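The structure appears right after this line, and notes come after that.
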Protein chains: 2
Amino acid sequence: MANVKVEQDVVIDRLMSVFQSVGYDGASLSELATATGLQKASLYHRFPGGKQAMANAVLDHVAGLIDNQLANVLQSSAPAPVRLSSALTIIRQIYDGGRLACVLRALSHGTATGLFREPIAGIFRTWVAAFDHLARDFGFDTRTAQRLAESTLIRVQGSLILAQTLQNPGIFDQVLLDIETDFRSQQ
Amino acid sequence: MANVKVEQDVVIDRLMSVFQSVGYDGASLSELATATGLQKASLYHRFPGGKQAMANAVLDHVAGLIDNQLANVLQSSAPAPVRLSSALTIIRQIYDGGRLACVLRALSHGTATGLFREPIAGIFRTWVAAFDHLARDFGFDTRTAQRLAESTLIRVQGSLILAQTLQNPGIFDQVLLDIETDFRSQQ
DNA sequence: GTCTATAGCTAGATAGAC
DNA sequence: GTCTATCTAGCTATAGAC
C-alpha cells in the first residue's frame, strides 16, 4: 500500500506531532514511519542523517513558523495593542489552547539534550526579541521591556507544563490574559 | 567489585540524578546500574517493578521533600516574609541556582507521560497549596492568592527551561526575586 | 523514491549460583 | 542481597530489488 508521494511539508508536520507527544527518545523509527505513511527506509532516503536529521528538519520548520508568523506580526505596522492580541491568538492556536506540549521542550531532554540546544536557543531568542520590540513600542523602558519579553516565554512554557500535568488548559488561557494585562498596564 | 550494601536512600538519590539529567526514556538500566553502583539484577531485586518502580520511588522521595521541606516551612509560625525567603532559598538549592532540571518535568514526557502524571500532579498541588496559604497570610484575597501561588510554580518551571536552554542561570535567579517582589507588594 | 528484508546492537528483564 | 550470564524484543540503520 501507499507508494504515493507524500509532500515533504506534510511529512515534517507529522514528524513534529510525534516528537511533540512522545519526545525524542520516545519516538521510534517505526512510529515515525507509521505516522508519515512512509517506510523506515524511505524516511532515511529523505533524511540521510536519520532521526537526528528529522528532528533538525522539524526545528527548522518551527523556526520558520516563529519567524514568519509570530515575529512578523509583532513587528508589523499595526497599533501595538493589536499586534499583541494577534500574537497571543497565534500562540493560543499553536498550543491548541494549552492542550498541546511544546515540541521545543520535547526535544530538550534525554539523548537529545545536547543535540538541539543551540537551534532551540535561537528560536527562544527570536521569540524574546520580538516581544521586546513590542514592549518598547508600548512604552516600557529598556530593562523592563527585556524582562517582560522573557517573562512571556517563561510563563507560556511553565503554564503548558501545569496545564498538561493538572489537565487544566484554563491555566494556559489565564496566563495569556495575564500577559496581555501586563503589557496594557503601561498605557 | 562493589558487593557492599548501598543505602536505599543513596540509591534513590542517584536514580533521581539520572532521570533528572536524561529523562525516563533516556535512562537505560545499564546507566541506572552504573550510577547506583549496583548490577541490573540487584536493582530489580530492590525494585521488582523495574524502571517504572524506580521512577515511582523517586517521585515518592520528591513528594516527601516538598512536603517536609517546602510545605513545612511555608506553614510554620514564623512571620510571612521570613517564610517566603526560606522557601525561595530551598527552591534555589533544589535546582542549584537554575543549573539543574526538574525531575518532575523529566518524568512527564515520552513513554512516561501517562505513567506518572497523577503523582506529579499531586506534588504540584501540594506546592500550589503551600504558596496559596502563604499568600493569604500576606493579605491577598482568595482569588489573587490562588493565582499568585500557581504563578510561582509556572515561573519556576518556565525559567528553568529558559535558564538551561539559554545557558543563563541568571534567568532563574531573577524569577525568584520577582516572586519575592510580588508577594511583598501587598504589604 | 519507494519498498521488503535484515543486519547489528542495546534495551528491559530474568535465571540461578553464591 | 548481590552477582554473572543470558533471554527476547525492539531499536537504529542499511542493502538492494523495483
Side-chain angles (χ1 to χ4, degrees), chain A residues 1-59 106-107 109-116, chain B residues 1-59 103 106-116:
Chain A
M1 64 159 164
N3 211 4
V4 295
K5 165 95 181 191
V6 184
E7 291 298 333
Q8 187 76 341
D9 289 4
V10 175
V11 169
I12 290 177
D13 223 64
R14 295 184 182 168
L15 293 176
M16 179 167 71
S17 290
V18 176
F19 286 130
Q20 194 169 49
S21 57
V22 303
Y24 186 76
D25 290 318
S28 71
L29 267 291
S30 304
E31 188 172 357
L32 293 168
T34 302
T36 54
L38 292 171
Q39 294 297 327
K40 285 185 279 182
S42 302
L43 275 178
Y44 275 92
H45 177 78
R46 297 196 184 206
F47 305 96
K51 196 160 89 163
Q52 187 173 340
M54 298 177 210
N56 271 316
V58 167
L59 287 174
L107 292 175
H109 288 286
T111 310
T113 311
L115 295 179
F116 311 116
Chain B
M1 64 160 165
N3 212 4
V4 295
K5 165 96 182 192
V6 185
E7 292 298 332
Q8 186 76 343
D9 288 4
V10 175
V11 169
I12 290 177
D13 224 62
R14 295 183 182 170
L15 293 176
M16 180 168 70
S17 290
V18 177
F19 285 130
Q20 195 169 46
S21 58
V22 302
Y24 185 75
D25 290 317
S28 70
L29 267 290
S30 303
E31 187 171 0
L32 293 167
T34 303
T36 54
L38 293 171
Q39 294 298 326
K40 285 187 278 182
S42 302
L43 276 177
Y44 275 91
H45 177 78
R46 297 196 185 206
F47 305 96
K51 196 161 89 162
Q52 187 172 340
M54 298 177 211
N56 272 314
V58 167
L59 287 174
V103 68
L107 292 175
S108 296
H109 288 286
T111 309
T113 310
L115 294 177
F116 311 116

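Both backbone and side-chain heavy atoms feed into the values below; hydrogens, waters and symmetry mates do not. Only a predicted model underlies this, so the values are computations on that prediction, with no experimental measurement involved. Below, chains carry the letters A, B, ... as their sequence lines are ordered, and counting in each starts from 1.
Rounded to a whole Å, the CZ atom of Phe47(A) is 13 Å from the C1' atom of dG1(C). In this structure, the CG atom of Leu38(B) is 6 Å from the P atom of dT2(D), given to the nearest Å. Regarding Lys51(A), its NZ atom lies at a distance of 9 Å from the C1' atom of dC11(D), rounded to whole Å. Atom-to-atom, CG of Leu43(A) to P of dT4(C) comes out at 13 Å; the value is rounded to the nearest Å.
Mapping Gln52(B) and Gln39(A) onto DNA chain C by nearest heavy atom places Gln39(A) at the nucleotide closer to the 5' end. Residue-to-nucleotide proximity on DNA chain D shows that, of Lys40(A) and His45(B), the 5′-proximal contact is made by His45(B).
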*In sequence, state the C-alpha distance, the side-chain angles, and the governing distance for Arg14(B) and Val10(B), and then conclude on side-chain contact (heavy atoms from CB on, under 4.5 Å).*
CA-CA 6 Å; Arg14(B) 295 183 182 170; Val10(B) 175; 3.5 Å; yes
*Where do Val11(B) and Leu15(B) land on the side-chain contact (heavy atoms from CB on, under 4.5 Å) test, with the steps shown first?*
CA-CA 6 Å; Val11(B) 169; Leu15(B) 293 176; 4.0 Å; yes
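Sorted by residue number, the list of members of residues 16-33 of chain A with any non-hydrogen atom under 4.0 Å from DNA chain C is empty.
A search for side-chain contact (heavy atoms from CB on, under 4.5 Å) contacts involving Ala41(A) returns nothing, not counting sequence neighbours.
Pairs engaging residues 17-58 of chain A under the ring pair (Phe, Tyr, Trp, His ring centres under 6.0 Å) rule: Phe19(A)-Tyr24(A), Tyr24(A)-Phe116(A) [sequence neighbours left out].
Smallest separation of non-hydrogen atoms from Ser42(A) and Leu38(A): CB-CB, 4.1 Å.
Contact between the side-chain N/O atoms of Ser42(B) and the OP1/OP2 oxygens of dG1(D) is not found at any separation under 4.0 Å.
Taking every side-chain heavy atom of Tyr44(B) into account, dT14(C) is the closest of dT12(D), dC3(C), dT14(C).
Inter-residue side-chain proximity for Leu29(B) and Met54(B) is flagged as met; some heavy-atom pair is nearer than 4.5 Å.
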